[in-house]
Protein chains: 2
Amino acid sequence: MERYRRLNIKLTPQRLAILKHLEGNKAHPSADEIYKSVKKKYPTMSFATIYNTLEALKEKGNIRELKIDPAKKRYDPDMSPHHHIICTKCSSIFDVYKDFDIRLPEETAGGFKVSGKNIEFFGTCRKCK
Amino acid sequence: MERYRRLNIKLTPQRLAILKHLEGNKAHPSADEIYKSVKKKYPTMSFATIYNTLEALKEKGNIRELKIDPAKKRYDPDMSPHHHIICTKCSSIFDVYKDFDIRLPEETAGGFKVSGKNIEFFGTCRKCK
DNA sequence: TATCAGATTGGAATCGTTATTGTAAAGACC
DNA sequence: GGTCTTTACAATAACGATTCCAATCTGATA
């Protein structure tokens, strides 16, 4: 509860439900999945609240928005630096906790000030193989 | 013209206009941008034709669909292996022609059969700096 | 507890994308 | 060439994800 206060966002029952759903969630859920889940407890929950809360959390740096799935945005509450590996068959996403020390040579960067990187591996998962 | 025939898709005036717009295009255009461009010459051009053609080209392996921009799909006619760097301010995308030899250790892959990777750098471009 | 900035709601609008449908072109066979 | 069958096309309508908006409500602070 104290850690929620540290988020510096106004806490409401709806937001707490969303936070609770996200906490420790490794499923990289979409807005729709969060909605379906929290609606059980809060039947009046609206999509606007989901999106507003996710946007607020994103701006405060508490969740990451993943661009992996072209069909919809997915969110990742795990802010520790990590990458992802996606199964091209079942679309499930897993975390890759390994740091790759790759850098862009000055001449390749072309005046860019690089602030970060994302690596996305793809292949077939154990189940789909 | 001969290279277009090699694509193994039926060539129509609309498709040729789209192909011409894509050829050598380094702007990583979205469907909307292609639409706006070819509409000048073909006022009856519809979005469906754009999407159908892009899908056909993608399936034949002639263009790549980029998932970099969460707001919309972008397409890259450059099929040579390369990565991208995105400006977080103006959303422009540039190519990174450098190979990074990174591999997932067996234990990290967790049963995954890795078939490829994408690296996406982000930062601020020369203009936005 | 009174106040108010910020949050919620629900519906409608928007935007990117996909499915449907009518039509035209391309083959196949005689 | 003429009919039948099949395929591909473009336009329209439909769809799903996301955003916007106005009215109402509420958590946090004084």
Side-chain angles (χ1 to χ4, degrees), chain A residues 1-22 27-60 62-76 91 93, chain B residues 4-5 7-19 21 27-60 62-76 91 93:
Chain A
M1 199 51 171
E2 303 80 49
R3 69 180 166 281
Y4 289 149
R5 296 202 196 290
R6 268 184 235 124
L7 299 176
N8 285 324
I9 61 170
K10 205 183 222 177
L11 294 177
T12 66
Q14 291 88 342
R15 289 189 163 187
L16 285 171
I18 295 171
L19 286 166
K20 198 177 166 190
H21 179 80
L22 285 174
H28 313 85
S30 65
D32 183 60
E33 282 156 8
I34 299 168
Y35 177 74
K36 284 202 181 78
S37 168
V38 295
K39 200 177 173 62
K40 289 172 193 162
K41 198 161 188 179
Y42 293 89
T44 67
M45 175 72 67
S46 89
F47 262 110
T49 301
I50 304 278
Y51 282 109
N52 287 341
T53 305
L54 290 172
E55 185 61 24
L57 290 170
K58 193 180 77 176
E59 279 185 5
K60 296 285 182 185
N62 297 110
I63 60 171
R64 262 215 276 171
E65 180 184 297
L66 304 183
K67 291 170 278 194
I68 284 174
D69 189 340
K72 60 180 75 127
K73 292 179 183 172
R74 285 159 166 271
Y75 295 87
D76 192 343
S91 293
I93 303 173
Chain B
Y4 289 149
R5 295 203 197 288
L7 299 176
N8 285 323
I9 61 170
K10 207 181 216 176
L11 294 178
T12 66
Q14 290 87 346
R15 288 193 162 185
L16 285 171
I18 295 171
L19 286 166
H21 180 80
H28 311 84
S30 65
D32 183 59
E33 282 156 8
I34 299 168
Y35 177 71
K36 285 204 181 78
S37 168
V38 296
K39 200 178 173 63
K40 288 172 195 165
K41 197 160 187 178
Y42 293 89
T44 67
M45 174 72 67
S46 88
F47 263 108
T49 302
I50 305 279
Y51 282 110
N52 287 341
T53 304
L54 291 172
E55 184 62 23
L57 289 170
K58 191 180 77 176
E59 279 184 3
K60 296 285 180 182
N62 296 110
I63 59 171
R64 261 214 277 171
E65 178 183 298
L66 304 183
K67 290 173 280 193
I68 284 175
D69 189 340
K72 61 181 74 132
K73 292 179 184 170
R74 284 160 165 267
Y75 294 87
D76 192 345
S91 292
I93 304 173

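Computation of the quantities below employed the complete heavy-atom set of this structure, encompassing side-chain atoms and omitting hydrogens, waters and symmetry-equivalent molecules. We name chains A, B, ... by the order of the sequence lines, and we start the count at 1 in each one.
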Is [X] close enough to [N] that one of its side-chain N or O atoms is under 4.0 Å from OP1 or OP2 there?
X        : N       : value
Gln14(A) : dT26(D) : no
Lys73(B) : dA17(D) : no
Lys72(B) : dA17(D) : no
Ser30(B) : dG16(C) : no

Rounding to a whole Å, what distance do you find between [X]:[atom1] and [N]:[atom2]?
X        : N       : atom1 : atom2 : value
Asn52(A) : dA5(C)  : CG    : C1'   : 15 Å
Glu55(B) : dC9(D)  : CD    : P     : 13 Å
Ile9(A)  : dA5(C)  : CD1   : P     : 20 Å
Leu11(A) : dC25(D) : CG    : P     : 22 Å
Tyr51(A) : dT14(C) : OH    : P     : 18 Å
Ile50(B) : dC15(C) : CD1   : P     : 18 Å
Phe47(B) : dC15(C) : CZ    : P     : 11 Å
Arg15(B) : dA11(D) : CZ    : P     : 13 Å

With a 4.0 Å cut-off on heavy atoms, is Ser46(A) in touch with a base, just the backbone sugar-phosphate, or nothing at all? base
Please classify the nucleic acid contact of Thr44(A) as base, sugar-phosphate, or nothing, using heavy-atom distances under 4.0 Å. sugar-phosphate
Between Ala48(B) and Ala71(B), just flag the one whose closest nucleotide in DNA chain C comes earlier from the 5' side.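 Nearest nucleotide further toward 5': that of Ala71(B).
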Look at the side chain of [X] and decide which nucleotide, out of [options], has an atom nearest to it.
X        : options                  : value
Thr49(A) : dT8(C), dT26(D), dC21(D) : dT8(C)
Lys10(A) : dC21(D), dA19(C), dG6(C) : dG6(C)
Thr12(A) : dT9(C), dA7(C), dA11(D)  : dA7(C)

Can you measure from CD1 (Ile34(B)) to CZ (Arg74(B)) and round to the nearest 0.5 angstrom? 10.5 Å
Between atom OH of Tyr42(B) and atom CG of Leu16(B), what is the distance when rounded to the nearest 0.5 Å?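 Between atom OH of Tyr42(B) and atom CG of Leu16(B) there are 7.0 Å.
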Verify, without hydrogens or angle tests, whether Glu33(B) (side chain) and Ser30(B) (backbone) share a donor-acceptor contact under 3.5 angstrom. yes
So, do Thr53(A) and Gln14(A) sit near enough that their side-chain heavy atoms are less than 4.5 Å apart? no
Asn62(B) vs Leu19(B) side-chain heavy atoms within contact, under 4.5 Å: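 Sidechains of Leu19(B) and Asn62(B): no contact.
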